[in-house]
Asker: 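One structure coming up, written as structure tokens, with questions to follow.
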Amino acid sequence: MAERTTDDGSHVDRRTFLGATGAATLLAGTPLSHLIKPAEPSRLPSVIRPEDIEQVEAAATVLAGWDHHYGGGGIVRTAAEAQLRWASALLELPCPDTLRAGLFAAAARLGMVVGAADFDAHAHQDARRVFAFAAACAEEAGQWHLRAKVYSYRARQAVWLGDCDSGLTYAELGLAHENRLTPTERAMLHTAKARALAKAGEVQAALRAVGQADEAFAQARPGEDPPWMAYYDAAQHAGDTGHALYDLIAVGYRPVTAADRLRTAVEGIRRRTCDPVRSPCRSWLLSRCPPETRMKPPPSGTRPSTKS
């Protein structure tokens, strides 16, 4: 309908109303993003409160879920960067001594999540900067578990970019005071060290690091691990160590257990994915298995026997 009746019985022509207010002209001639540009930025609190820390922790949890579901680019990365700017501003405010460690720990966890999103989006310069921020916050908070995970990310990113020396350095930094870490965390970092050494062609050192990772993982007690370590199960360990061993093929070494480890990883992923046969991670792992050892898909209706 072009008209409506007001409470007093008069008629108002909607098109005439819009024309008179200039709304139609505004929408036609102005980018819509201009309409939502904030005139007043959100105000920081005058002093840190417990709820400020809770908000940063909640943001890290939500963003980690988004990154896992959608990947690190687009709206996820944009939202993550805004949250990190807010959290970093909080660090400059007056803070009661009783809340200081919690504030820096929350900022470290958020930085870890944001750095991972940047890494996923191949924004490597930003990822390096944010991981450095997260590591500094974790050290300020005395959070050795967060620190270990951040340095694992830094090591893996460096190896991914071909900087094996930095990857090795970051892995070893993460292992500082390793007696304070859980066995799973130690396994994760020894694996990162093995990846760096293997990419550098250091065969014997890489094999020793894989052995250290295996020894640590054999003592794993998942109930003692922080929540962000839940991903590092038997399949993850087999895949990461298998990949390190696979990299040694490039320097002429033929590791006999690489294919077995990668198959174990494939089967572990098969059990926890909705579409196991078409899982991208499974396909990626299978591509690293020597052709003669690659597993064929199981017959319809059957489940392969594996050991994790």
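Just so we're clear, the structure is a prediction, and the values are computed from it rather than from any experiment. As a basis for the values below, the full set of heavy atoms in this structure was taken, side chains included, without hydrogen atoms, waters or symmetry mates.
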Asker: To which residues is Val47 joined in a hydrophobic cluster, defined by side-chain heavy-atom contacts under 4.5 Å among Ile, Leu, Val, Met, Phe, Trp and Tyr, whether direct or through other members?
Answerer: none
Asker: Hey, mind stepping through Glu81 and Asp118 against side chain to side chain contact (heavy atoms under 4.5 Å, CB included) and telling me if it holds?
Answerer: CA-CA 9 Å; Glu81 290 169 344; Asp118 288 334; 4.1 Å; yes
Asker: Which atom pair, heavy atoms only, marks the closest approach of Ala107 to Cys137?
Answerer: CB-SG, 4.0 Å
Asker: In terms of hydrophobic clusters joined by side-chain contacts under 4.5 Å, are Leu262 and Val159 together?
Answerer: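 Leu262 does not cluster with Val159.
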Asker: Remaining members of Val114's ILVMFWY cluster at a side-chain heavy-atom cut-off under 4.5 Å?
Answerer: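 Direct or chained contacts put Val114 with Leu44, Ile48, Ile53, Val56, Val62, Leu63, Trp66, Tyr70, Ile75, Val76, Leu84, Trp86, Leu90, Leu91, Leu93, Leu99, Leu103, Phe104, Leu110, Val113, Val130, Phe133.
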Asker: Can Thr191 and Arg195 be counted as having a side-chain donor-acceptor contact under 3.5 angstrom?
Answerer: no
Asker: Heavy-atom distance under 4.5 Å between the side chains of Arg221 and Thr182, does that happen here?
Answerer: no
Asker: From Phe217 CZ over to Arg186 CZ, what is the distance, rounded to the nearest 0.5 angstrom?
Answerer: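 Phe217 atom CZ to Arg186 atom CZ measures 12.5 Å (nearest 0.5 Å).
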Asker: Is there a path of hydrophobic side-chain contacts, each under 4.5 Å between heavy atoms, that joins Leu168 and Met188?
Answerer: no
Asker: Within a radius of less than 6.0 Å around CG of Asp97, do more than 12 heavy atoms belonging to other residues, nucleotides or ligands occur?
Answerer: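 Atom CG in Asp97 is not crowded, with 12 or fewer foreign heavy atoms closer than 6.0 Å.
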Asker: With a 4.5 Å limit on heavy-atom distance, are the side chains of Asp214 and Arg261 in contact?
Answerer: yes
Asker: Shortest non-hydrogen contact from Ala105 to Ala141?
Answerer: N-CB, 3.6 Å
Asker: Over all heavy atoms of both residues, which pair between Ala198 and Ala206 is shortest? Give the atoms and the distance, please.
Answerer: N-CB, 3.8 Å
Asker: Ring pair (Phe, Tyr, Trp, His ring centres under 6.0 Å) with His190: which residues, sequence neighbours excluded?
Answerer: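 Scan of His190 (ring pair (Phe, Tyr, Trp, His ring centres under 6.0 Å), adjacent residues dropped) gives none.
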Asker: Dump the intermediate steps for side chain to side chain contact (heavy atoms under 4.5 Å, CB included) on His237 and Thr184, then the final yes or no.
Answerer: CA-CA 9 Å; His237 180 74; Thr184 308; over 6 Å; no
Asker: Are the side chains of Glu185 and Ser152 in touch, meaning some heavy atoms are under 4.5 Å apart?
Answerer: no
Asker: Please list, chain by chain and in numerical order, all residues satisfying ring pair (Phe, Tyr, Trp, His ring centres under 6.0 Å) with His69, sequence neighbours excluded.
Answerer: none
Asker: How long is the span from the CZ atom in Arg263 to the CZ atom in Arg270, to the nearest 0.5 Å?
Answerer: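 Rounded to the nearest 0.5 Å, the CZ-CZ separation comes out at 12.0 Å.
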Asker: Going by side chain to side chain contact (heavy atoms under 4.5 Å, CB included), name the residues that satisfy it together with Gln236, two or more places apart in sequence or in a different chain.
Answerer: Tyr231, Tyr232, Asp233, Asp240, Arg272
Asker: Looking at Arg100 and Glu140, does any basic side-chain N land under 4.0 Å from a carboxylate oxygen?
Answerer: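 Yes, this pair counts.
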Asker: Kindly indicate, with the supporting measurements, whether the criterion side chain to side chain contact (heavy atoms under 4.5 Å, CB included) is fulfilled by Lys193 and Glu172.
Answerer: CA-CA 7 Å; Lys193 181 178 178 179; Glu172 290 178 338; 3.8 Å; yes
Asker: Go through the structure and list residues passing side chain to side chain contact (heavy atoms under 4.5 Å, CB included) with Asp163, not counting sequence neighbours.
Answerer: Ala158, Asp165, Ser166
Asker: Hey, is the main chain of Asp260 close enough, under 3.5 Å, to the side chain of Thr257 for a donor-acceptor pair?
Answerer: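 Side chain of Thr257 to backbone of Asp260, a donor-acceptor pair under 3.5 Å: no, none is there.
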Asker: Cluster partners of Leu245, using ILVMFWY side-chain heavy atoms under 4.5 angstrom, listed by chain and number?
Answerer: Val203, Leu207, Val210, Leu248, Val251, Tyr253
Asker: Excluding sequence neighbours, so at least two apart, what forms side chain to side chain contact (heavy atoms under 4.5 Å, CB included) with Glu51?
Answerer: Arg49, Glu54
Asker: Does His122 have any ring pair (Phe, Tyr, Trp, His ring centres under 6.0 Å) partners at least two apart in sequence or in another chain, and if so, which?
Answerer: His124
Asker: Partners of Phe131 by ring pair (Phe, Tyr, Trp, His ring centres under 6.0 Å), sequence neighbours excluded?
Answerer: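 Counting only residues at least two positions away or on another chain, Phe131 forms a ring pair (Phe, Tyr, Trp, His ring centres under 6.0 Å) with Tyr153.
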Asker: I need the full list of salt bridge (charged side-chain N to carboxylate O under 4.0 Å, His left out) pairs touching residues 119-131, with sequence neighbours left out, sorted by first then second residue.
Answerer: Arg77-Asp126, Asp126-Arg129
Asker: Please find the pair of heavy atoms, one from Gln83 and one from Ala59, that lie closest to each other, and give the distance.
Answerer: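 What the structure gives for the nearest pair is OE1-CB, 4.0 Å.
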Asker: Please report the shortest heavy-atom distance between Ala187 and Ala216, naming the atom on each side.
Answerer: N-CB, 3.7 Å
Asker: Looking only at non-hydrogen atoms, find the nearest pair between Ala134 and Val150 and report the distance.
Answerer: CB-CG2, 3.9 Å
Asker: Supply the members, apart from Tyr151, of the Ile/Leu/Val/Met/Phe/Trp/Tyr cluster built from side-chain contacts under 4.5 Å; use none for a lone residue.
Answerer: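 Grouped by the 4.5 Å side-chain rule, Tyr170, Leu173 form the rest of the cluster around Tyr151.
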Asker: With rounding to the nearest 0.5 Å, note down the distance linking CZ in Arg180 to CZ in Arg147.
Answerer: 9.5 Å
